[in-house]
Amino acid sequence: MLKEEYQLDYFKEQGMVRKICKACGSAFWTRDSAREICGDAPCEPYNFIGEPVFKTHNLDTMREAYLSFFEKHGHTRIERYPVAARWRDDIYLTIASIADFQPFVTSGIVPPPANPLTISQPCIRLNDLDSVGRSGRHLTTFEMMAHHAFNTPSEEIYWKDRTVELCDQFIASIGGDLNKVTFKESPWIGGGNAGPSVEVLIGGLEIATLVFMSLGRKKTDQPGYELKGEMYYPMKLRIVDTGYGLERLVWASKGSPTIYDAVFPEMVSHVMSAAGLSHMLDNKDYTRILSLNAKFAGLMDISGTNLFQLRKKVAAAIDISPEKLDRIITPMEKVYATVDHTRCLAYMLGDCIVPSNVREGYLARLVIRRTLRMMTDLKIEEPLADLIEQQTRIIGMKKFEQDIAVVREIAERETEKYASTLERGTRIVQKIAKNYKAKSQRVPLTEIITLYDSHGIQPEMIKDIATREGAVVDLPDNFYSMVADMHSESKKEAEVNPTAKYDERVQGLPPTKKLYYEQSSDIEFEAVVLDFFDGYAVTDQTLFYPEGGGQPSDTGTMVSADSMVRIDDVIKVGEVILHHISGGVLQRGDRVKGMVDEERRWSLMRHHTATHIILHAAKEVLGAHIHQAGAQKGSESSRMDLRHFKHITPDELRRIETASNRMIMANQTVEISTEDRTKAEQKYGFSLYQGGVPPGRDLRIVKVAGDIEACAGTHCQSTGEVGVIKIIRVEHIQDGIERIEFTAGIAAVYYMQHLEQIVTSSSEALSVQPDNLPATVNRFFTEWKDQKKEIERMSSKVVELEMQTLVVESIAGIPVVIKRIDLPQKELAQMANSVSEKGGIALLAGAGETVRVVLASGDPRVNAGEIIGQVCSLLGGKGGGKPTMAQGGGPDAGQIDLALKVGRERIIAALQ
RNA sequence: GGGCUCGUAGAUCAGGGGUAGAUCGUCACGUUUGCAACGUGAAGGCCACGGGUUCAAAUCCCGUCGAGUCCA
C-alpha cells in the first residue's frame with residue numbers, strides 16, 4: 001500500500017514522526033522521538049504485565065467507557081448481534097463487528113442502522129483453539145468494540161484523521177499515556193476488500209486495529225492497485241472499520257499475568273478450586289511463571305511443535321527443567337481454556353446454536369467436547385451445565401434469547417452423548433488393539449485415521465488404550481494435517497450464480513411493479529412488455545410471483561394481440577422480474593394480459609402461510625429456541641427444517657398439528673407491512689430472519705398468528721384461508737435438525753383421503769373393521785412367527801425320523817450314507833451334519849423346484865468341496881463349500897441317480 | 001453441503017458367500033432358612049428394509065431408512 005496513505009495531517013499536527021522499526025522494518029508513527037522499534041510483538045515484549053498502562057477496568061466498565069465515549073462523540077450505540085451469523089450464509093459465527101454489516105451495508109445496498117455507529121460485538125474465532133489457555137492471550141470469544149463510519153460520495157462522515165484522533169482521545173480517557181502509543185502501518189486485505197490500516201500498540205500489546213476499507217475487487221473507472229497478486233479498485237463506499245479488543249484493554253488495564261486472570265477472575269478461581277488447584281491462586285512463584293510464559297508466548301507463534309520451544313525458554317529463565325515446568329503449567333492452561341470455552345459455550349448456546357454434526361452446530365459440539373476432555377483431565381466433577389450457567393449469569397442472563405433451562409438440558413445431553421461415544425470408542429480401540437497384538441503387528445496409521453475420522457476417537461486416546469492392551473502405535477506429529485490432506489482432495493468448486501449473465505441486460509430496465517403483493521388474491525392483470533430476450537419477457541408490472549424464499553414461482557399464461565404463451569418459470573434479477581415463456585414469442589411494446597394459474601397460486605400461498613403457522617406452533621410446543629433451518633414450499637406438500645436438540649416425538653408432532661389447526665380456526669388476519677430494517681430488527685429481534693436475509697433498506701414484515709418474519713412470499717389474507725394443515729411426517733435430517741413435512745389446503749384433504757384409502761384397502765384385505773386393523777396385523781405377525789417356529793420344530797422331527805431310516809453302509813470302515821431324500825436343503829444339511837459329526841460321510845440329494853445336494857464329510861481324506869462340484873455339474877448346476885461341508889444344486893432332476901452314483905465312486909476312491 | 005464407519009438375541013458384540021454364535025441379562029430346575037454365588041438347562045433372531053449377483057447372501061453390489069463420526 002502506498003506510503004502516502006499514512007501521511008495524516010493529524011499525525012503531523014500532533015508532532016508525531018514516521019519511523020522504521022529496527023527489528024522488523026515496518027513503518028510506524030510515534031510521539032517518542034527516541035523510540036526505535038514498532039512496539040508490536042515480537043519486536044517488543046509484553047511490558048504491561050505487572051505495569052498496567054490504563055486505569056483499572058473490568059469488562060463491564062471498560063465496555064461502558066468505550067461505548068459512552070463514542071456516543072459522546074456523535075456515534076449511535078447499536079445493540080450487539082448474535083454470535084451465530086444468521087444473516088449471512090458465508091460464515092457461521094460472527095467473527096468481527098464489521099461482519100454485522102456485511103454483505104448488504106458494506107456493499108452499499110442497505111444503509112447502516114446508524115452512521116456513525118458504535119458497538120461492542122461478541123465474536124467467536126476457533127482457528128487458534130490450540131493456543132487458548134497456553135499463550136496467556138488467546139481467546140475463542142472476545143468482544144470487538146468498534147466505531148464504524150460509512151462514507152458515500154454524497155455524505156462524508158469522517159475518515160482517517162478523525163478516526164486516529166478519536167482513538168487517541170479514547171486511550172487518553174481511560175488513562176493511557178499517548179507517548180507510549182505507536183501506530184504501525186499495516187495494509188489490510190480480507191474478504192474481497194482492502195485498504196490502509198494502522199495497528200494501535202501500547203506496552204507491547206496490540207489493542208486496536210483501524211482499517212480504512214476503500215478498495216474492492218470490483219472494477220471501477222479509477223485506477224487499481226495490485227495487492228498479493230490480485231487487483232483492487234477504489235470503491236464508492238469507504239468504510240471506517242475499527243476493532244478494539246475489549247479483553248485486551250482490560251488486561252492492559254490490570255497488568256495481570258494472563259488475559260484470563262484479568263477478564264474473568266471469578267470463573268478462573270472457581271474452576272481452579274473445582275480442579276483442586278486453589279492453592280496456586282496466590283502463589284507468587286506461579287504468578288511469576290505465568291507472567292514469563294505469557295511474555296515469551298507473546299513473542300512467538302506457539303502452534304504445534306513450537307510449544308516445546310516455549311517451555312524451554314520459560315524453563316531456562318526460571319532455571320527448572322522443561323518437564324517440571326510442563327507439569328506445573330499444563331493444568332493451569334487447562335483451567336484457563338476451560339474458563340474460556342465455557343464462556344464461548346454460554347454465548348453459542350445462549351444465542352440458540354444447537355449442537356449437531358453440521359455447520360455451526362458442529363463447531364459448538366467441537367468446543368463442548370474439547371471442554372469435557374479438559375474437565376476430565378482436571379478431574380472436575382462439577383457438571384458442564386453448571387459452569388455454562390455461571391458464565392451466563394456473569395455475562396447477564398438477559399443478554400441471551402435462549403432459556404437457561406434449555407441451555408442446561410443441551411449441555412447435559414451433550415455430556416451424556418460424549419460419554420457414550422467415548423465408551424463405544426474405547427471398545428472399538430480395544431478390539432483393534434487386541435487383533436494387532438495377536439498378529440504381533442503395530443497398529444497401522446490407516447486404522448488410526450479411520451478411528452478418528454469415522455468414530456471420533458482422539459489419536460492420543462487411541463494410543464493410551466492400545467498401549468494398555470499391549471499393542472504398539474506410532475503416532476506422527478502431523479497427524480491432523482494428514483487427515484486434513486485426505487479431506488482436501490474431494491473439494492468442489494463453488495457454484496456460479498445462474499442469473500449473473502442477465503445482470504447487465506436488466507440494468508437498463510425499471511424495477512418491475514409487484515402486483516402480487518398488492519393484490520395477492522387477484523389472478524389477472526394487464527401489462528406492457530418492456531423487453532424480451534433469451535426466452536424471458538420483462539413487463540412493467542406483474543402478478544407472477546418469482547421463485548424465492550423457498551417458494552416456487554407462479555405459472556400461467558400471457559396473451560398479446562397476436563400470441564398466447566405459457567409462463568413456466570419466473571425469476572427475479574435484482575428488482576426486475578423475468579418471465580420464462582414457451583409456446584410463442586412476445587415483442588417489446590406488446591400489451592399483454594396475464595393470467596396466473598389459480599389453483600397452484602392458492603396452494604402455494606396456503607403452504608407458505610402454513611409454514612409460518614407451524615413454525616409458531618412448534619415454538620409453542622418445543623420452546624423459544626426453535627429456528628427454521630431451511631424450507632421448501634410446494635403445491636402438493638412442503639417441508640420445513642427446524643433446529644432442535646432432540647427428536648420430536650409423535651406426541652409433540654400431534655400437538656404441533658393440533659395447535660396449527662387451532663390457529664387456522666382462529667381465522668386471524670395476516671398482517672403485512674413494510675418497516676425500516678433497523679427498527680424492525682430492534683422491535684422483533686433476529687428471529688425475523690428465519691428463511692435467510694432479504695436485502696434492501698426496508699423489510700416486508702409478515703405477521704401470521706403471532707409469528708413475525710421478514711418474508712417476501714405471497715400469503716393468504718387470514719389464517720382461515722389455509723383451510724387445514726396435516727403433518728405428514730417428521731424426519732431426523734441431521735443431528736440437531738428435524739424436518740417436518742406437511743400439506744395444507746385442498747392438498748391436505750387429498751392426502752387424508754389417500755391415507756383413508758390405505759387403511760380401507762388394508763382392512764379389506766384382512767376382512768376386518770379399520771379399527772381392528774392394528775390388533776389384527778399384530779396378531780397375524782405373532783401367529784406368523786409362531787408358525788415359523790412350529791415349522792422348524794416339525795422339520796427337525798422329520799429329520800429325526802428320516803435319520804432312523806437311514807441305511808448306513810461301511811466303506812473302508814467309515815460310515816457312509818448316500819441317499820435321495822426329498823427335503824429342503826436346510827434339513828438335508830442337518831442330517832448330513834449329524835453323520836459327519838460322528839466321523840462319517842453323507843451325500844444327500846433332494847428334488848424340489850431344483851435339485852439340492854449336500855455333502856458332509858467327517859473324514860479328512862474326503863474333500864466335500866471338491867467332490868460336490870462334479871456331482872452338481874451332472875445336474876446341470878454348480879456347488880461348492882468347505883472340505884467338511886459343501887452344498888450345491890442343479891435343475892436336472894432326472895440325473896439324480898447318476899449324480900449320486902458318481903459321488904459314491906469319488907468317495908470310495910478318496911477313502912482307498 | 002461433502003466424506004467415512006456401523007445396523008446380527010433384551011444389552012454388548014463376534015462371524016464377513018456354504019448348519020446363525022459368544023458374553024451378560026431373563027426364566028426354570030438344583031444346592032441354600034433366605035440372599036449372593038455356583039451348577040444344569042431353556043426361552044429369546046424378518047441377521048434394519050427393498051432390489052440385484054449367485055447353485056447358494058447375514059456375508060458381495062445398488063438403493064432406502066436409522067445411528068455415529070470427521071471436515072467446510
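Labels below follow one simple rule: chain letters A, B, ... track the order of the sequence lines, proteins then strands, and each chain is numbered from 1. Hydrogens, waters and symmetry mates are skipped; everything else that's a heavy atom, side chains included, is used.
- Rounding to whole angstrom units, CZ of residue A:R739 and C1' of B:rG1 are separated by 13 Å.
- Residue A:K882 contributes atom NZ, which lies 13 Å from atom C1' of B:rG16 at whole-angstrom precision.
- In this structure, the nucleotide among B:rG68, B:rU19, B:rU54 sitting nearest to the side chain of A:S454 is B:rG68.
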Inset, instruction - Tell me, with the steps shown, if A:E741 and A:R729 meet salt bridge (Lys or Arg N to Asp or Glu O under 4.0 Å). - result: CA-CA 5 Å; A:E741 211 174 315; A:R729 66 171 73 87; 2.9 Å; yes
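- Listed here is the closest heavy atom pair of A:V473 and A:K463: O-CE, 3.7 Å.
- Each of A:A829 and A:G890 has a nearest nucleotide on RNA chain B; the 5'-most of these lies closest to A:A829.
- No hydrogens or angles considered: a donor-acceptor pair under 3.5 Å links the side chains of A:R370 and A:H341.
- Each salt bridge (Lys or Arg N to Asp or Glu O under 4.0 Å) pair with one or both residues in residues 868-891 of chain A, not counting sequence neighbours, would appear here, but there are none.
- Look at CG on A:L875: it is 14 Å from P on B:rC55, rounded to the nearest Å.
- Heavy atoms of A:Y452 sit under 4.0 angstrom from primed sugar atoms or phosphate atoms, though from no base atom.
- Only the P atoms considered, B:rG16 is 13 Å distant from B:rG7, to the nearest whole Å.
- Inspection of the A:Y418 and A:R365 side chains reveals no N or O donor paired with an N or O acceptor under 3.5 Å.
- Applying the 4.0 Å criterion to OP1 and OP2 of B:rU69, one finds that A:R365 has a side-chain N or O inside that range.
- Rounding to whole angstrom units, CG of residue A:L445 and P of B:rC4 are separated by 18 Å.
- Within the 4.0 angstrom heavy-atom criterion, base atoms lie near A:Q887.
- Distance noted for atom C1' between B:rG68 and B:rU31: 47 Å (whole Å).
- Distance CE (A:M831) to P (B:rG18): 23 Å, rounded to an integer number of Å.
- When the nearest nucleotides of RNA chain B are assigned to A:Q825 and A:R852 by heavy-atom distance, the more 5′-ward of the two goes with A:Q825.
- Between the C1' atoms of B:rC38 and B:rU32, the separation comes to 11 Å (whole Å).
- Pair check for B:rG39 finds B:rC29; Watson-Crick or G-U wobble, both atom distances under 3.5 Å.
- Of the candidate nucleotides B:rG68, B:rC70, B:rG18, B:rC70 has the atom nearest to the side chain of A:D453.
- Here B:rA67 is the nucleotide among B:rC13, B:rA67, B:rC70 with the atom lying nearest to any side-chain atom of A:H647.
- Between the CD1 atom of A:I368 and the P atom of B:rC70 there is a distance of 12 Å, rounded to whole Å.
- The same atom, P, is picked in B:rA57 and in B:rG17; the two are 14 Å apart, to the nearest Å.
- The CG-C1' distance, from A:L844 to B:rU19, rounds to 13 Å in whole Å.
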Donor-acceptor contacts, no H, no angles, side chain residues 896-907 of chain A, under 3.5 Å, sequence neighbours left out:
from: A:R904; atom 1: NH1; to: A:E809; atom 2: OE1; distance (Å): 3.0
from: A:R904; atom 1: NH1; to: A:E809; atom 2: OE2; distance (Å): 3.0
from: A:R904; atom 1: NH2; to: A:E809; atom 2: OE2; distance (Å): 3.2
from: A:R906; atom 1: NH1; to: A:Q870; atom 2: OE1; distance (Å): 2.3

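- At the phosphate of B:rU69, OP1 or OP2 sits under 4.0 Å from a side-chain N or O atom of A:R369.
- The minimum heavy-atom distance between A:I124 and A:M348, with the atom names listed, is CD1-CG, 3.6 Å.
- Checking B:rG1 for Watson-Crick or G-U wobble geometry (two distances, each under 3.5 Å) identifies B:rC71 as its partner.
- Searching all strands for a Watson-Crick or G-U wobble partner of B:rG34 with both distances below 3.5 Å returns nothing.
- Near RNA chain B, meaning a heavy atom under 4.0 Å away, the residues from residues 455-465 of chain A are A:H455, A:G456.
- To the nearest 0.5 Å, atoms CD1 (A:I841) and CD1 (A:I867) are separated by 7.5 Å.
- As the counterpart of B:rG18, B:rC55 is assigned, both hydrogen-bonding distances of the Watson-Crick or G-U wobble pattern falling under 3.5 Å.
- The pairing partner recorded for B:rU64 is B:rA48, the criterion being a Watson-Crick or G-U wobble arrangement whose two distances lie under 3.5 angstrom.
- Searching all strands for a Watson-Crick or G-U wobble partner of B:rC24 with both distances below 3.5 Å returns B:rG10.
- Heavy atoms of other residues, nucleotides or ligands lying less than 6.0 angstrom from NZ of A:K826 number 12 at most.
- Heavy atoms from other residues, nucleotides or ligands lying under 6.0 Å from CZ of A:R442 number 12 at most.
- Atom CG of A:L855 is separated from atom C1' of B:rG18 by 12 Å (rounded to the nearest Å).
- Remark: A:R427 is not in phosphate contact with B:rU12, judged by side-chain N or O atoms under 4.0 Å from OP1 or OP2.
- Using a 4.0 Å heavy-atom distance criterion, A:T850 is classed as making no nucleic acid contact.
- Taking atom C1' in both B:rG66 and B:rU26, the straight-line distance is 27 Å, to the nearest Å.
- B:rA22 and B:rU8 have their C1' atoms separated by 12 Å, with the value rounded to a whole Å.
- When the side-chain nitrogen and oxygen atoms of A:T421 are compared with OP1 and OP2 of B:rU69, one or more of them lie within a distance under 4.0 Å.
- Taking the P atom of each, B:rU23 and B:rG30 are spaced 24 Å apart, rounded to whole Å.
- Only the P atoms considered, B:rA58 is 14 Å distant from B:rG52, to the nearest whole Å.
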